[in-house]
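Just below is one structure, and these are the notes that go with it.
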Protein chains: 2
Amino acid sequence: MSTLSIGDLARRTGVPVETIRYYERMGLLPKPPRTEGNYRAYEAGHERRLAFVKRSRDLGFGLDAIRALLDLADGADRPCGEVDALARDQLAEVERKIADLTAMRAELQDMLGHCRNDTVADCEIIGRLRGK
Amino acid sequence: MSTLSIGDLARRTGVPVETIRYYERMGLLPKPPRTEGNYRAYEAGHERRLAFVKRSRDLGFGLDAIRALLDLADGADRPCGEVDALARDQLAEVERKIADLTAMRAELQDMLGHCRNDTVADCEIIGRLRGK
DNA sequence: TCTTGACCCTGTAGCGACTACAGGGTGCAG
DNA sequence: CTGCACCCTGTAGTCGCTACAGGGTCAAGA
Ligand SMILES: [Zn+2]
Ligand SMILES: [Zn+2]
Ligand SMILES: [Zn+2]
Ligand SMILES: [Zn+2]
């Protein structure tokens, strides 16, 4: 038989078993047919769909956005403006996070650069956390 | 009287009331004395401690790390090596996140740059999410 | 004096995206 | 036939808040 168990699918996609079941509960993956013993039996279509979800997650899309992307991907001859909009929103979100983290990094580096490694009372890190 | 209500403290530190109560439950802030009407009555020490917590949060430290920093900050004449280690760990974490997000940004930008705004079937964004 | 309204209290539930059990069932190899 | 890896469901925990629900307190204005 060419069907995959949930464990097979997990190994092939790199998505943990528990996460696959979670995606199914969240409506990202269709409920697969079951074997006699009530095991999930996946086929190639399921694997492609899960791979799509994984690539989207790797780009930071939230599950709601991924549901929307999956729906849009089904309408082959519709314009892709909505897809674009989702990607642009996600890019904006990523850029916002990078900006926040870059500010944190600068301050942490500066604190560490000023620390003379003596007592806590004189430590620049503690001093700045206290607000000088 | 020079005490502050929880709302006063929230306004002065920029930390929401609910979050202040949450920090108290989590053991980051000492339980303040109460008024006759059972209102929390804060003093300058509480405000300084909360400001320390806020600055630490703004740098991305987790609450466990902040608890440790607060403890270390009390031992004035001990060496600051542990403080340093916490800051270095936090810097490493921030740098890891920046690296992840930078990769996401590059891929999102590239996808968006290749999208010719036609149909979903030809859309580069959908194509890449599907794995080409 | 009464009442309005802003503030405060506790306790609990929800968010997002998992992750980790507990307590069982299935299926195959030795 | 027995062990073991795997699968099942359902629930609770993670992190750092945030949002109620259902009450109590308090000062100012009519
Ligand atoms: Zn400097
Ligand atoms: Zn130091
Ligand atoms: Zn390219
Ligand atoms: Zn497109």
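Quick note on labels: first sequence line is chain A, next is B, and so on, each numbered from 1.
Looking only at side-chain heavy atoms (C-beta outward), Pro32(A) and Glu43(A) stay at 4.5 Å or farther from each other. Arg116(B) is not listed as a side-chain neighbour of Glu124(B), based on a closest heavy-atom distance of 4.5 Å or more.
Rounded to whole angstrom, the span from the CG atom of Asp8(B) across to the P atom of dA6(C) amounts to 16 Å. Rounded to whole Å, atom C1' of dC9(C) lies 16 Å from atom CD of Glu36(B). Note: CG (Leu28(A)) to C1' (dG16(C)) measures 12 Å, nearest angstrom. Whole-Å rounding puts the Phe61(B) CZ to dC15(D) C1' distance at 17 Å. One atom, CG of Asn38(B), and another, P of dT25(D), lie 8 Å apart when rounded to the nearest Å. Between the C1' atom of dA21(D) and the CD atom of Glu18(B) lies a distance of 12 Å, rounded to the nearest Å. Atom CD1 of Ile20(A) is separated from atom P of dT9(D) by 13 Å (rounded to the nearest Å). Atom P of nucleotide dG16(C) and atom CZ of Arg57(A) are separated by 12 Å, given to the nearest angstrom.
Distances shorter than 4.0 Å separate none of the side-chain N or O atoms of Arg25(A) from OP1 or OP2 on dT11(D). Close to dC18(C), at under 4.0 Å from its OP1 or OP2, lies no side-chain N or O of Thr19(A). A sub-4.0 Å separation between OP1 or OP2 of dC17(D) and a side-chain N or O of Arg21(B) is absent. For Tyr23(B) and dC17(D), the shortest distance from a side-chain N or O to OP1 or OP2 is below 4.0 Å. Phosphate proximity of dT25(D) to Thr35(B): absent, as no side-chain N or O sits under 4.0 Å from OP1 or OP2. For dG16(C), neither phosphate oxygen OP1 nor OP2 lies less than 4.0 angstrom from any side-chain nitrogen or oxygen of Tyr22(A). Within the structure, a side-chain polar atom (N or O) of Arg40(B) is placed less than 4.0 Å from OP1 or OP2 of dC9(C).
Tyr39(B) and Ile6(B) are not part of a single hydrophobic cluster, where members link through side-chain heavy atoms under 4.5 Å apart.
Interatomic distance, Asp84(B) CG to Cys123(A) SG, rounded to the nearest 0.5 Å: 6.0 Å. Taking CG from Leu91(B) and CG from Leu112(A), the interatomic distance works out to 6.0 Å, rounded to the nearest 0.5 Å.
In this structure, of dC9(C), dT26(C), dC18(C), it is dT26(C) that holds the atom nearest to the side chain of Tyr39(A).
The 5' end of DNA chain C is approached more closely, in terms of each residue's nearest nucleotide, by Gly37(B) than by the other of Gly37(B) and Gly62(A).
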